[in-house]
K.L.:
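Structure incoming, see below.
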Amino acid sequence: MFHIGGDLGVQRLGFGAMRLPTEPGPDRQTSLAVARRAVELGVTLIDTAHLYGGGANEELLAEALYPYADGLLITTKVGVARSGPAGEWKLDGRPEVLRDQVDQALRRLRVERLELLQLHRIDPELPLADQFGVLREMQAEGKVGRIGLSEVTVSELDQARKIIDVVSVQNRYNLLDREHEPVLTACEAAGIAFLPWRPVAPATTGATAEIAAVAAELGATHAQVALSWLLDHSPVILPIPGTARIDHLEENFAAAHLHLPPTHLDRLNHLSERA
C-alpha cells in the first residue's frame, strides 16, 4: 500500500488502460471485461488520459466500472490536444485547453472531482507558471484533488514544486531502461509516487536472456520478473502495466506475490549496464 499525497491509499500494482480498444464491437466488450477483472483482482489505481481516444478511454472505464468501488482511483492526464496545423495531436498546455479537458474528464468519468490529475507533458512553448498555475486554480476550485506530472526531468520537477504540490510522477522506466533514475531518486526523497509507464521492457536486447533465465529459475514469466523487480527496487514505485487480455492481466498481477531472492536481484540490478 502506498499513500499518494500522504493520504490517498492505493495498492502498489496498478493498471494502465491505454491499450484497451474503445471502438464498438467484440473488442470493446473484452475491454470492459478486462477493466472489471482488474478491479476484481484488487487493483485500486487505473491510469487513463484524454489522449487515449480523445476521451474515449475515460468513457470506456466509466461504462465498465461506474459506480466505482470504494477506494478505486481513476487518474487521468491532460495537456495533449488535436490543435496541430492539420488537427494532429500536439502538446498543448494553454490554460483554456487544460480547463476544457478537465471538465470533459469530469463528465466522462462521471465524478465531481478528479482525485489525481496528471499533466501529460509540459508544453515547452508556454511558461511553466501558466500550466501549473491553472492546475493549482482548478485544485482550489475543487475540480482536482491532487496533481501529478508526466515525463519530467529533475529540474522540471523542482520548478513545478515551487508552484504546486506534486504527488506523483509518471515517467518511462523499466528494468532495462533506467534513464530516469535521477527522477526516481528525487521522488524517493520527497515521498512522491513514481508511476513507471512501459514497466515491462521489450524483449529485444541481449539482457533479455538473463531475465528469461531468472524467470525460469523462479517458475515465473519475463513480465512477472520485471514487475516484481520494480516493486522491490523502490518503495515509491507503482507500476501500471497495461494489456487488453484477461490472461495477461492475471499474469501481470501475480507479480505482486513473486519474491525475488537477493542473488536474483543482484543479477537483475546489473542488467541496465548491458542493455
Side-chain angles (χ1 to χ4, degrees), residues 2-10 12-14 16 18 45 47-51 73-81 90-95 97-99 101-102 105 114-140 143-199 201 229-241 272:
F2 183 89
H3 289 84
I4 298 176
D7 64 345
L8 190 62
V10 295
R12 288 189 55 216
L13 198 54
M18 180 182 70
L45 188 157
D47 175 78
T48 183
H50 179 85
L51 175 63
L73 169 66
I74 297 182
T75 175
T76 193
K77 300 183 288 293
V78 296
V80 186
K90 69 179 292 290
L91 304 186
D92 196 335
R94 289 176 295 170
V97 171
L98 299 182
R99 276 191 170 278
Q101 291 187 357
V102 165
L114 300 171
E115 294 298 338
L116 174 58
L117 174 75
Q118 299 182 105
L119 184 64
H120 209 144
R121 296 289 189 277
I122 291 175
D123 186 342
E125 298 180 2
L126 292 172
L128 296 180
D130 289 357
Q131 299 171 69
F132 301 147
V134 71
L135 298 180
R136 184 179 58 191
E137 289 172 6
M138 289 187 287
Q139 187 177 38
K143 292 183 176 182
V144 172
R146 300 158 192 82
I147 301 170
L149 304 174
S150 180
E151 281 304 286
V152 293
T153 64
V154 172
S155 175
E156 289 168 337
L157 177 58
D158 288 343
Q159 292 177 69
R161 295 183 67 206
K162 295 176 182 177
I163 303 172
I164 55 175
D165 180 19
V166 180
V167 302
S168 68
V169 168
Q170 186 171 329
N171 278 20
R172 187 191 71 252
Y173 186 88
N174 58 56
L175 178 55
L176 301 181
D177 180 359
R178 306 184 204 174
E179 175 186 348
H180 294 295
E181 193 79 36
V183 181
L184 172 58
T185 300
C187 287
E188 289 175 338
I192 295 172
F194 187 90
L195 284 62
W197 62 269
R198 195 181 293 165
W229 178 85
L230 285 170
L231 292 171
D232 185 89
H233 187 61
S234 169
V236 302
I237 284 183
L238 283 70
I240 48 171
S272 65

K.L.:
Any side-chain to backbone donor/acceptor pair from Lys77 onto His50? Under 3.5 Å, distance only.
P.N.:
no
K.L.:
Under the side chain to side chain contact (heavy atoms under 4.5 Å, CB included) criterion, do Leu157 and Val166 qualify, and how do the steps go?
P.N.:
CA-CA 8 Å; Leu157 177 58; Val166 180; 3.8 Å; yes
K.L.:
So which heavy atom on Gly14 is nearest to which on Pro241, and how close?
P.N.:
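Looks like O-CD, 3.4 Å.
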K.L.:
Could you walk me through whether Asp165 and Ile147 satisfy the side chain to side chain contact (heavy atoms under 4.5 Å, CB included) test, starting with their C-alpha distance in whole Å, then the side-chain angles of each, then the deciding distance to 0.1 Å, before giving a yes or no?
P.N.:
CA-CA 7 Å; Asp165 180 19; Ile147 301 170; over 6 Å; no
K.L.:
Can you list everything that forms a side-chain hydrogen bond (donor to acceptor under 3.5 Å, both in side chains) with His180? Sequence neighbours excluded, please.
P.N.:
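Partners of His180 under the side-chain hydrogen bond (donor to acceptor under 3.5 Å, both in side chains) test: Asn171.
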K.L.:
Any chance you could measure Leu231, atom CG, to Phe2, atom CZ, to the nearest 0.5 Å?
P.N.:
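Spacing of CG (Leu231) from CZ (Phe2) equals 12.5 Å.
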K.L.:
Do Ser168 and Gln118 meet the criterion of a side-chain donor-acceptor pair at a distance under 3.5 Å?
P.N.:
yes
K.L.:
So, taking the atom named CG in Leu195 and the one named CD1 in Ile240, what distance separates them when rounded to the nearest 0.5 Å?
P.N.:
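Going from the CG atom of Leu195 to the CD1 atom of Ile240 covers 5.0 Å.
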K.L.:
So, using side-chain hydrogen bond (donor to acceptor under 3.5 Å, both in side chains) as the criterion, who are the partners of Ser155 when residues are at least two apart?
P.N.:
Gln159
K.L.:
Just wondering, are more than 12 heavy atoms of other shown residues or ligands nearer than 6.0 Å to CZ in Arg178?
P.N.:
yes
K.L.:
Enter the distance from Leu98:CG to Leu119:CG here, rounded to the nearest 0.5 Å.
P.N.:
6.0 Å
K.L.:
Return the minimal non-hydrogen interatomic distance between Ile4 and Ala193, and the atom names on each side.
P.N.:
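Where Ile4 meets Ala193 most closely, the heavy atoms are CG1-CB, 4.1 Å.
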K.L.:
Quick one: does Leu238's side chain get under 4.5 Å of Leu45's, heavy atoms only?
P.N.:
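Leu238 vs Leu45: side chains touch.
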K.L.:
Look at Asp92 together with Arg94 and state whether they make a salt bridge at an N to O cut-off of under 4.0 Å.
P.N.:
yes
K.L.:
Which pair of heavy atoms, one from Thr76 and one from Ala105, lies closest together, and at what distance?
P.N.:
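Taking every non-hydrogen atom into account, CG2-CB, 4.0 Å.
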K.L.:
Kindly check if the number of other-residue, nucleotide or ligand heavy atoms within 6.0 Å of CZ (Arg161) is above 12?
P.N.:
no
K.L.:
Which atoms form the tightest heavy-atom contact between Leu149 and Ala160, and what is the distance?
P.N.:
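Reported closest heavy-atom pair: CD1-CB, 3.5 Å.
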K.L.:
Residues in side-chain hydrogen bond (donor to acceptor under 3.5 Å, both in side chains) with Arg172, at least two apart?
P.N.:
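Here the qualifying residues are Asp177, Glu179.
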K.L.:
Supply the atom-to-atom distance Leu13 CG to Leu230 CG, rounded to the nearest 0.5 angstrom.
P.N.:
9.5 Å
K.L.:
Going from CG on Leu184 to OG on Ser234, what distance comes out if it is rounded to the nearest 0.5 angstrom?
P.N.:
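Leu184 atom CG to Ser234 atom OG measures 4.5 Å (nearest 0.5 Å).
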K.L.:
Please name the pair of heavy atoms, one in Leu116 and one in Thr75, separated by the smallest distance, quoted to 0.1 Å.
P.N.:
O-OG1, 2.9 Å
K.L.:
Who passes side-chain contact (heavy atoms from CB on, under 4.5 Å) against Arg136, sequence neighbours left out?
P.N.:
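Partners of Arg136 by the side-chain contact (heavy atoms from CB on, under 4.5 Å) criterion, ordered by chain and then number, come out as Ile163, Ile164.
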K.L.:
Can you name the nearest heavy-atom pair linking Trp197 to Gln170, along with the distance?
P.N.:
CD1-O, 3.8 Å
K.L.:
Okay, side chain of Arg121, backbone of Val80: is any donor-acceptor separation there less than 3.5 Å?
P.N.:
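Looks like no, no N/O pair under 3.5 Å.
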K.L.:
List the atom pairs, donor and acceptor, that lie under 3.5 Å between side-chain atoms in residues 125-133 and the rest of the protein, sequence neighbours left out.
P.N.:
| unit_1 | atom_1 | unit_2 | atom_2 | d |
| --- | --- | --- | --- | --- |
| Gln131 | OE1 | Asp123 | N | 2.8 |
| Gln131 | NE2 | Asp123 | O | 2.9 |
| Gln131 | NE2 | Leu126 | O | 3.2 |

K.L.:
According to the interplanar angle, ranging from 0 to 90°, do the rings of Tyr173 and Phe194 count as parallel (below 30°), tilted (30 to 60°) or perpendicular (above 60°)?
P.N.:
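Perpendicular, since the angle between the ring planes exceeds 60°.
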K.L.:
Would you please test Val167 and Ile192 for side chain to side chain contact (heavy atoms under 4.5 Å, CB included) and show each step?
P.N.:
CA-CA 5 Å; Val167 302; Ile192 295 172; 5.8 Å; no
K.L.:
Could you pull out all residues at least two apart from Glu137 that satisfy side-chain contact (heavy atoms from CB on, under 4.5 Å)?
P.N.:
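Per chain and number, Glu137 pairs via side-chain contact (heavy atoms from CB on, under 4.5 Å) with Arg99, Val134, Glu141.
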K.L.:
The test is side-chain hydrogen bond (donor to acceptor under 3.5 Å, both in side chains); show your working for Gln101 and His120 and say whether it passes.
P.N.:
CA-CA 11 Å; Gln101 291 187 357; His120 209 144; over 6 Å; no
K.L.:
How far does CG of Asp7 sit from CZ of Arg146, to the nearest 0.5 angstrom?
P.N.:
4.0 Å
